[in-house]
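Predicted model, so just to flag it, every value in this text is computed and none were measured. So you know, we letter chains A, B, ... as the sequences are listed, proteins then strands, and number each from 1.
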There are 2 protein chains.
Amino acid sequence: MLSKSCVYALRSIVYIGHHATVEHKLGIKEIADELDLPVHFLSKILQRLVKHNIVQSVKGPHGGFFLNDKSKETNLLSIIDVIDGLAFFTNCGLGLKECSETHPCPLHDDFKIYRDGLYFLFSEKKISDLITKIEAGNAFIRNLPQY
Amino acid sequence: MLSKSCVYALRSIVYIGHHATVEHKLGIKEIADELDLPVHFLSKILQRLVKHNIVQSVKGPHGGFFLNDKSKETNLLSIIDVIDGLAFFTNCGLGLKECSETHPCPLHDDFKIYRDGLYFLFSEKKISDLITKIEAGNAFIRNLPQY
DNA sequence: TAAATAAAAGATATTTAGGTCTTTTATTCT
DNA sequence: AGAATAAAAGACCTAAATATCTTTTATTTA
């Protein structure tokens, strides 16, 4: 559903939001190492997010990536929009051009429930919400299950 | 969510099930023309479905594709399984390996609702159900909206 | 049984997503 | 100002999905 680029984006933003501050920015290498992602590929992804002001960055010594307060309140849909676009949430489940709300395909009404549900979920959920969950013990990088 | 191959598969099965009979089979060219799909690409897809006995085919003069009664009752999930696999319905929404039911990622519980919903939808819905809908006037190839 | 037909199978090409490497630019610190 | 640092940008490479073309096999009919 979401491309690799997109889940890499979500994971790295959450990681940056959780661990970086303006005083202590995170370098691309650090992030890629921790999340086990290809450095240069992630670099491209973060570039795009910086351009859209979803992630903040500073070049040079002690530079790196961080999130300002506003960025932490970014909803997941905005990130998906930047990386993958919103085609999934608008296109017909059977890929039919002739399918619409007024002239729905045989799958439309049923499919729409979940497609719209995901749209709602991604537009409600913010980066800060995910960070809160991680702090509460949910699975993430290095948040290993406690038995 | 579903690959092009997969929606092509679904659309062509529905079309075959709707228009072909054992007496009057449909040739690959006819199908591809009607559904506006690349002939040889569709051919490959139908081959796989024939191998899995989801579509029936006969070679030679008056040969072509059709669906037997059992095939018409195939659920959509079986088709998705053959073409795309079921990874979408089992994998974590954030692509995390460490995410599980007992140690869920920050998105898991919310995402699961829709992912499982789609799984249920696709396992309930049969080809015959879609054909019934088309006969009732739902959007499909050549089923143009009536104003 | 030979010719015609149509799917199956194989080989190859194109496009897109994913990934790597190198050079440039901005910033900091000495 | 010059060296060091780290992101940005650009060029390039690889693998997978999508698409096309050609040959083979099975079937029918004359």
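- When distances run from any side-chain atom of A:Phe65 to the nucleotides D:dA26, D:dA8, D:dT18, the shortest one goes to D:dA8.
- Residue B:Leu37 contributes atom CG, which lies 15 Å from atom C1' of D:dA17 at whole-angstrom precision.
- Nearest to the side chain of A:Ser57, among D:dT20, D:dA7, C:dA7, sits D:dA7.
- B:Ser78 and B:Asp81 form no side-chain donor-acceptor contact under 3.5 Å, judged by distance and modelled atom types alone.
- Among the nucleotides C:dG18, D:dT27, C:dA7, the one closest to the side chain of A:Ser3 is C:dG18.
- Comparing A:Lys59 and B:Leu26 by the nucleotide of DNA chain C that holds the closest heavy atom to each, the one mapping nearer the 5' end is B:Leu26.
- The side chain of A:His40 sits closest to C:dT22 out of D:dT20, D:dT18, C:dT22.
- When distances run from any side-chain atom of B:Lys4 to the nucleotides D:dA9, D:dA19, D:dT20, the shortest one goes to D:dA19.
- Of all nucleotides listed (D:dA8, C:dC29, D:dT28), C:dC29 comes nearest to the side chain of A:His62.
- In this structure, the nucleotide among C:dC29, D:dG10, D:dT29 sitting nearest to the side chain of A:Lys44 is D:dG10.
- B:Val50 comes within contact range of the sugar-phosphate backbone alone, with a heavy-atom separation under 4.0 Å but no base atom that close.
- Taking only side-chain atoms of A:Pro61, from C-beta outward, the nucleotide of D:dA7, C:dA11, D:dA4 with the closest atom is D:dA4.
- Between B:Leu35 atom CG and D:dA19 atom P the separation is 14 Å, expressed in whole Å.
- Two different hydrophobic clusters hold A:Phe66 and A:Val82 under the rule that ILVMFWY side chains link at heavy-atom gaps under 4.5 Å.
- Among the nucleotides C:dA9, D:dT18, D:dG10, the one closest to the side chain of B:Ser5 is D:dT18.
- Note: CD1 (B:Ile83) to P (D:dA19) measures 14 Å, nearest angstrom.
- A straight line from CD1 of A:Ile28 to C1' of C:dA26 spans 17 Å, rounded to a whole angstrom.
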| said: Apply side-chain hydrogen bond (donor to acceptor under 3.5 Å, both in side chains) to residues A:Thr132 and A:Asp129 and explain how you reach the verdict. | reply: CA-CA 5 Å; A:Thr132 305; A:Asp129 297 327; 5.4 Å; no

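- Side chains of A:Asn53 and A:Gln56: a donor on one and an acceptor on the other come within 3.5 Å.
- Counting only heavy atoms from C-beta on, B:Val58 has its side chain closest to D:dT27 among D:dT20, D:dT27, C:dG19.
- Between the side chains of B:Asp84 and B:Ser3, at least one donor N or O lies within less than 3.5 Å of an accepting N or O.
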